[in-house]
Amino acid sequence: MSKPQGFNVKERAKSALQDEFLIDAVKFTTERLKNGKKAATAEHGNWEEWRERGRQIRAHTVAHLDYYLSRFIENARAQGVHVHFASEGKDAARIAMDIAKHRGAKSVVKSKSMVSEEVHINEAFEKIGIESIESDLGEYIIQLANEPPSHIIIPAIHKNRRQIAELLSKEAGETLPPETKVLAGFARRKLRDKFLEADIGLTGCNFGIAETGTVVIFENEGNARMVSTVPKIQITLMGMERLIPSWDDLEVMATLLPRSATGQRMTMYMSGITGPRREEDGDGPEEMHIIIVDNGRSLQLGDPDFQELLNCIRCGACLNACPVYRHIGGHSYPGTYSGPIGAVLTPALNKNAEEWHDIANASSLCGACYEACPVKIPLHDMLVYLRNRKVERGVTAPGEKMAMKGFKMLMGNHAWFEHAVKAGQLGQKLLVRDGVIKSRIGPLGGWTAYRHIPALPGKSFREQWTKLSSEAEKSFKPMADEMKSRMEKIVQERTKGGHRA
Amino acid sequence: MTKSDPEFLARLTRESLEAEKRFIGNIASRLGRSVTGPAPVHPYRGAPDFWTAFELGIEDKIERFMENWRAAGGYPERIASMSELPEAIYRIAKEQHARSTIRQNLPELERLELASVLPELSHHAWNGGDPEDSLDICEQSDIGIVLADHAVAYTGTIVVTSSADKGRSVSLLPNVLVAVIPAERMLTRLGEAMKEIASVPAERFPAGAHFISGPSRSSDIENDLTIGVHGPGAAYALIVG
């Protein structure tokens, strides 16, 4: 798969920032989705109560995941599903290939599944000569371009219609005009044939309902319905944490997910698939397999800082809200998931300290992701925990490490600190223009490459303190008891990791 | 293509049961349990209380449903009785240049006697007993006619479940969807429809439960809205009563 080149997030972001269309498209699309969400949540009302209920349900399910997953498996098996377990991505690919080879399958049609990107299922099928076709329009386009998705909801966000026309023309063997209707019409005809001739349909899973063993899929195009209706065999890849206890809980998820993802009251289709076709049914798969995938997820269980990551319902709202994602686009992030959720999830799933170093920095810690999250995952806190762990493990950039060491030394010695401030006030005179430092040389280069540093004031805060403190004393009012006890309660209740559920 | 060999499936089952122990055991131990306990108390089940108390009157429900269906790009209509259905279908066929219909094999739709009332179109009914043929016919039909199990006003959604007589393909493969909704099946909230589905016993539980809220759509090409990407591009909702 070709992605923008570059070893780390800074280099990839630089190459993304040179692509004007990408920048405009990402901004436009994220803005559209963000505004859509805003309107849809306002129209629905009581959004905070829905969010809180969503968080409660997800936290409760994850805290009792062993129980709910066992019920799901039991009920799915009772309806005739073959359930499989994949500890790692490659296990999931192996099981899927095992089934495909046994059935002598020649082609697979796929609907959108982020887990399938995680386990690189297309490459696995291709290696053994089985055609694997993405049927979501956006996914189909980027598959033709041989690129990974750049947005969880709109995967081809970075392609313009001329590029799309070129890709589809190659497929059609004739020149197609860059008109949406024509291009979509071609894709519909082409993919309709693929649905009808495919041996296996492969889907993802938005939610697994424990009480009935049902796989729930949200979509707008109808391709997931095609994939789970026409081929004889259905294989569903499901992240092991996708569960909800009951159909009652699905109402909450159906309220949160479409509104948060695209600002829709409801996606055009929501399908609950419970086992293969019944004996007397005329359509639906004759055989159904569900592959339950861990691939690093269980590492978050019992980790007080990161268990809540598993509450994620993959809506993409945090991407649209994130000022960093909106500038650099999805391909600047390593791994399958981009944006704030990707920044935390990718290293967490890979237990890779080197990547923590890289991607945890691609955030301004502004908390917009938390505000946007329909199940209230404190992603910005998690980014801080990540940075923390990276420092503990000693994978900090040498310059930053040196700066932190110096900071520690200065802070430990009052006299050195005062000397340093004085030296700074004098030394900066060479660099300050219009009250800021713009120079990109020396130890500050890593900062000033992206922003200006305000000049040090003539008098330090400490030097001004005597005057300031007497002013502050005069206006000081003690905190009201009621407010104080409320604040303390909030701090007390803010337990990490959903163990409260 | 062959059917899966029972021996192959038996091997997969053996492997699955083995792996399950390790897989669930690992989750339990990460959560600090040595064995998976009995059903936990689920104090947050379903929507918040203020919401489950919300219910609209029948006229408000119909109005809200029609508004939502239209906003999603669908065509809602209201007719007085089932006897007006053939005329509506005829009008839709003309609008959409359609020549053929396929319907669920249900008595309510059979009683319309479309073949004799609308002889200018060709008509079929879903036949679960002949799957290959049914799929082919469905693929070539222009209009799919379904009777909704339920409809939900608040989101503008119809619910169709699958059975021998109700192929999933009927609401999916043809270019035009005609959903017939008896007014008394109109609910206020999604949760009401979900309760109905959850109450079906396991041995009669439908393999497919589909919530449909309008025509198939995509905005994957430069955010440009495209209708009818894979599913029906024209979605009619005919509310009866």
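Only a predicted model underlies this, so the values are computations on that prediction, with no experimental measurement involved. We use all heavy atoms of the structure for the numbers below, so side chains are in, but hydrogens, waters and symmetry mates are not. Letters A, B, ... mirror the listed sequences (proteins, then strands); counts begin at 1.
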A.B. asks: Is there side-chain contact between B:R189 and A:T255, with heavy atoms separated by less than 4.5 Å?
C.D. replies: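 No; the side chains remain at least 4.5 Å from each other.
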
A.B. asks: Counting only heavy atoms closer than 4.5 Å, note whether B:R204 contacts chain A via side chain, backbone, both or neither.
C.D. replies: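 When you check distances to chain A, no heavy atom of B:R204 falls under 4.5 Å.
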
A.B. asks: Among the options B:S134, B:S29, B:A39, pick out the one with the most heavy-atom pairs lying under 4.5 Å from chain A.
C.D. replies: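 The residue among B:S134, B:S29, B:A39 with the greatest pair count is B:A39.
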
A.B. asks: With a 4.5 Å cut-off on side-chain heavy atoms, are B:I227 and A:M268 touching?
C.D. replies: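 Answer no - side chains too far apart.
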
A.B. asks: Tell me whether A:D248 contacts the main-chain N or O of B:G46 through its side chain, where contact means a donor paired with an acceptor under 3.5 Å.
C.D. replies: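 Side chain of A:D248 to backbone of B:G46: no pair is present.
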
A.B. asks: Can you tell me which portion of A:A78 sits under 4.5 Å from chain B's heavy atoms? Options are side chain, backbone, both or neither.
C.D. replies: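 Neither part.
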
A.B. asks: Angle class for the A:H44/B:W51 ring planes (parallel below 30°, perpendicular above 60°, tilted otherwise)?
C.D. replies: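 Perpendicular.
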
A.B. asks: Need one label for B:R22: side chain, backbone, both or neither, based on atoms under 4.5 Å from any heavy atom in chain A.
C.D. replies: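 No part of B:R22 comes within 4.5 Å of chain A.
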
A.B. asks: Taking side chain as everything from C-beta outward and backbone as N, CA, C, O, which of these in B:F23 sits under 4.5 Å from a heavy atom of chain A? Side chain, backbone, both or neither.
C.D. replies: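 When you check distances to chain A, only side chain atoms of B:F23 fall under 4.5 Å.
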
A.B. asks: Mind ranking A:M240, A:R277, A:R192, A:E49 by heavy-atom pairs under 4.5 Å with chain B and telling me who comes out on top?
C.D. replies: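 The candidate making the most pairs under 4.5 Å is A:R192.
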
A.B. asks: Applying side chain to side chain contact (heavy atoms under 4.5 Å, CB included) to A:R162 and B:E222, what does each step give before you reach the verdict?
C.D. replies: CA-CA 10 Å; A:R162 276 178 205 292; B:E222 286 191 358; over 6 Å; no

A.B. asks: When you look at CD of A:E31, are more than 12 heavy atoms from neighbouring residues, nucleotides or ligands closer to it than 6.0 Å?
C.D. replies: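 Above 12, so yes.
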
A.B. asks: Please assess A:E219 against B:H230 for the test side chain to side chain contact (heavy atoms under 4.5 Å, CB included), listing each intermediate value before the final yes or no.
C.D. replies: CA-CA 11 Å; A:E219 53 152 348; B:H230 292 297; over 6 Å; no

A.B. asks: Is it the side chain or the backbone of B:S171 that comes within 4.5 Å of chain A heavy atoms, both, or neither?
C.D. replies: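 Its backbone and side chain both get close to chain A.
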
A.B. asks: Using side-chain heavy atoms (C-beta onward) and a distance below 4.5 Å, is A:R32 in contact with B:S219?
C.D. replies: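 Yes - at least one pair of side-chain heavy atoms lies under 4.5 Å apart.
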
A.B. asks: Considering only heavy atoms and a distance below 4.5 Å, find which of B:R33, B:E132, B:K166 pairs most often with chain A.
C.D. replies: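 Among the listed options, the one with the most contacts to chain A is B:R33.
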
A.B. asks: Which of the residues B:G129, B:A72, B:P215 is involved in the greatest number of heavy-atom pairs with chain A at under 4.5 angstrom?
C.D. replies: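 The residue among B:G129, B:A72, B:P215 with the greatest pair count is B:P215.
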
A.B. asks: Please give me the minimum heavy-atom distance between A:R188 and B:G231, naming the atom from each residue.
C.D. replies: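 Closest approach of A:R188 to B:G231, heavy atoms only: NH1-O, 2.8 Å.
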
A.B. asks: Measuring from atom CD1 of A:I291 to atom OG of B:S16, what distance do you get when rounded to the nearest 0.5 angstrom?
C.D. replies: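 Those atoms lie 11.0 Å apart.
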
A.B. asks: Taking A:D294 first and then B:R30, would you say they form a salt bridge - that is, a charged N and a carboxylate O separated by under 4.0 Å?
C.D. replies: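 Salt bridge: no.
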
A.B. asks: With heavy-atom distances below 4.5 Å as the criterion, would you say the side chains of A:I95 and B:E15 are in contact?
C.D. replies: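 No, side chains not in contact.
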
A.B. asks: Roughly how far apart are A:I164 CD1 and B:I221 CD1, rounded to 0.5 Å?
C.D. replies: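 Spacing of CD1 (A:I164) from CD1 (B:I221) equals 5.0 Å.
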
A.B. asks: Please confirm whether the backbone N or O of B:S169 pairs with a side-chain atom of A:D283, one donor and one acceptor, at under 3.5 Å?
C.D. replies: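 Judged by distance alone, yes, a pair lies under 3.5 Å.
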
A.B. asks: I want to check something: taking the side chain as every heavy atom from C-beta on, are A:T212 and B:I197 in contact at a cut-off of under 4.5 Å?
C.D. replies: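 They are not in contact (no side-chain heavy atoms under 4.5 Å apart), so the answer is no.
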
A.B. asks: Considering only heavy atoms, which portion of B:D224 lies under 4.5 Å from any heavy atom of chain A: side chain, backbone, both, or neither?
C.D. replies: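 Both the backbone and the side chain of B:D224 come within 4.5 Å of chain A.
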
A.B. asks: Please classify the contact of B:Y154 with chain A as side chain, backbone, both or neither, using a heavy-atom distance under 4.5 Å.
C.D. replies: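 Interface part for B:Y154: both.
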
A.B. asks: Are more than 12 heavy atoms from other residues, nucleotides or ligands located less than 6.0 Å from atom CD of A:E279?
C.D. replies: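 Check fails, neighbour count at 12 or below.
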
A.B. asks: Could you measure the distance from the OG atom of B:S218 to the CD1 atom of A:I141? Nearest 0.5 Å is fine.
C.D. replies: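 Atom-to-atom, B:S218:OG and A:I141:CD1 are 7.5 Å apart.
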
A.B. asks: Please name the residue in the list B:T36, B:L31, B:I24 that meets the side chain to side chain contact (heavy atoms under 4.5 Å, CB included) test with A:Y67.
C.D. replies: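 Result: among B:T36, B:L31, B:I24, B:T36 is the only option passing the side chain to side chain contact (heavy atoms under 4.5 Å, CB included) with A:Y67.
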
A.B. asks: So, A:Q79 side chain and B:A202 main chain: donor-acceptor pair closer than 3.5 Å or not?
C.D. replies: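 Yes; at least one donor-acceptor contact below 3.5 Å.
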
A.B. asks: Should B:D220 and A:E139 be marked as a side chain to side chain contact (heavy atoms under 4.5 Å, CB included) after you check the CA-CA gap, both sets of side-chain angles, and the distance that decides it?
C.D. replies: CA-CA 9 Å; B:D220 278 341; A:E139 297 274 354; over 6 Å; no

A.B. asks: Taking 4.0 angstrom as the limit, do B:K195 and A:E211 come out as a salt bridge?
C.D. replies: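 Looking at A:E211 together with B:K195, the answer is no, because their closest N to O distance does not fall below 4.0 Å.
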
A.B. asks: Chain A heavy atoms under 4.5 Å from B:V160: which part of the residue, side chain, backbone, both or neither?
C.D. replies: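 Contact with chain A is absent: no heavy atom of B:V160 under 4.5 Å.
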
A.B. asks: Would you check if there is a donor-acceptor pair between the side chains of B:S163 and A:R278 at a distance under 3.5 Å?
C.D. replies: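 A:R278 vs B:S163: no donor-acceptor pair found between side chains.
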
A.B. asks: Measuring from atom CG of B:L173 to atom CZ of A:R225, what distance do you get when rounded to the nearest 0.5 angstrom?
C.D. replies: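 Between atom CG of B:L173 and atom CZ of A:R225 there are 8.5 Å.
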
A.B. asks: Under 4.5 Å heavy-atom distance to chain A, tell me which part of B:P38 shows up: side chain, backbone, both or neither.
C.D. replies: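 Contact with chain A: backbone only.
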
A.B. asks: Evaluate the side-chain hydrogen bond (donor to acceptor under 3.5 Å, both in side chains) criterion for residues A:S271 and B:H210: first the C-alpha distance (whole Å), next the side-chain angles of each, then the deciding distance (0.1 Å), finally the verdict.
C.D. replies: CA-CA 4 Å; A:S271 302; B:H210 301 284; 3.0 Å; yes

A.B. asks: Taking atom NE2 of A:H289 and atom CG of B:L9, what is their separation to the nearest 0.5 Å?
C.D. replies: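 Reported value, rounded in 0.5 Å steps: 6.0 Å.
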
A.B. asks: Atom CG in A:L33, atom CG in B:N223: separation rounded to 0.5 Å?
C.D. replies: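 That separation rounds to 7.0 Å.
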
A.B. asks: Given a strict heavy-atom distance threshold of 4.5 Å, which part of B:D133 is in contact with chain A: side chain, backbone, both, or neither?
C.D. replies: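 For B:D133, no heavy atom lies under 4.5 Å from chain A.
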
A.B. asks: Let me see the working for A:V230 and B:L135 under side chain to side chain contact (heavy atoms under 4.5 Å, CB included), right down to the final yes or no.
C.D. replies: CA-CA 8 Å; A:V230 183; B:L135 200 71; 4.0 Å; yes

A.B. asks: Tell me which of these, A:L299, A:I157, A:V215, has more heavy-atom pairs under 4.5 Å with chain B than the rest.
C.D. replies: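 Option with the greatest count: A:L299.
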
A.B. asks: Is there a side-chain contact between B:P48 and A:N46 (heavy atoms, below 4.5 Å)?
C.D. replies: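 They are not in contact (no side-chain heavy atoms under 4.5 Å apart), so the answer is no.
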
A.B. asks: Got more than 12 heavy atoms from elsewhere within 6.0 Å of CZ, B:R99?
C.D. replies: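 Open.
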
A.B. asks: Just wondering, are more than 12 heavy atoms of other shown residues or ligands nearer than 6.0 Å to OH in B:Y75?
C.D. replies: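 Incorrect, the count does not exceed 12.
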
A.B. asks: Looking only at heavy atoms and a cut-off of under 4.5 Å, which of B:G37, B:G128, B:A207 has the most pairs with chain A?
C.D. replies: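 Ranked by contacts with chain A, first place is B:A207.
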
A.B. asks: Would you say the side chain of A:E286 lies within less than 4.5 Å of the side chain of B:S4, judging by non-hydrogen atoms?
C.D. replies: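 No; the side chains remain at least 4.5 Å from each other.
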
A.B. asks: Please work out which of the three classes, parallel, tilted or perpendicular, describes the rings of A:H102 and B:F8, given edges at 30° and 60°.
C.D. replies: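 Parallel.
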
A.B. asks: Go through B:A19, B:A47, B:A198 and name the one with the most non-hydrogen pairs under 4.5 angstrom from chain A.
C.D. replies: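 That would be B:A47.
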
A.B. asks: May I ask you to check whether over 12 heavy atoms, not counting those of A:E280, lie within 6.0 Å of atom CD?
C.D. replies: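 More than 12 heavy atoms, drawn from other residues, nucleotides or ligands, come within 6.0 Å of this atom.
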
A.B. asks: For a side chain to side chain contact (heavy atoms under 4.5 Å, CB included) with B:S213, tell me which candidate from A:M266, A:R265, A:Q264 qualifies.
C.D. replies: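 The option that passes is A:M266.
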
A.B. asks: State whether the number of non-hydrogen atoms from other residues, nucleotides or ligands found under 6.0 Å of A:D193 atom CG is greater than 12.
C.D. replies: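 Buried by this count: over 12 neighbours within 6.0 Å.
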
A.B. asks: Tell me which of these, B:A71, B:G228, B:S162, has more heavy-atom pairs under 4.5 Å with chain A than the rest.
C.D. replies: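 Heavy-atom pairs under 4.5 Å are most numerous for B:G228.
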
A.B. asks: Quick one: are B:R45 and A:P245 in side-chain contact, heavy atoms under 4.5 Å?
C.D. replies: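 Heavy-atom side-chain distance check fails, nothing below 4.5 Å.
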
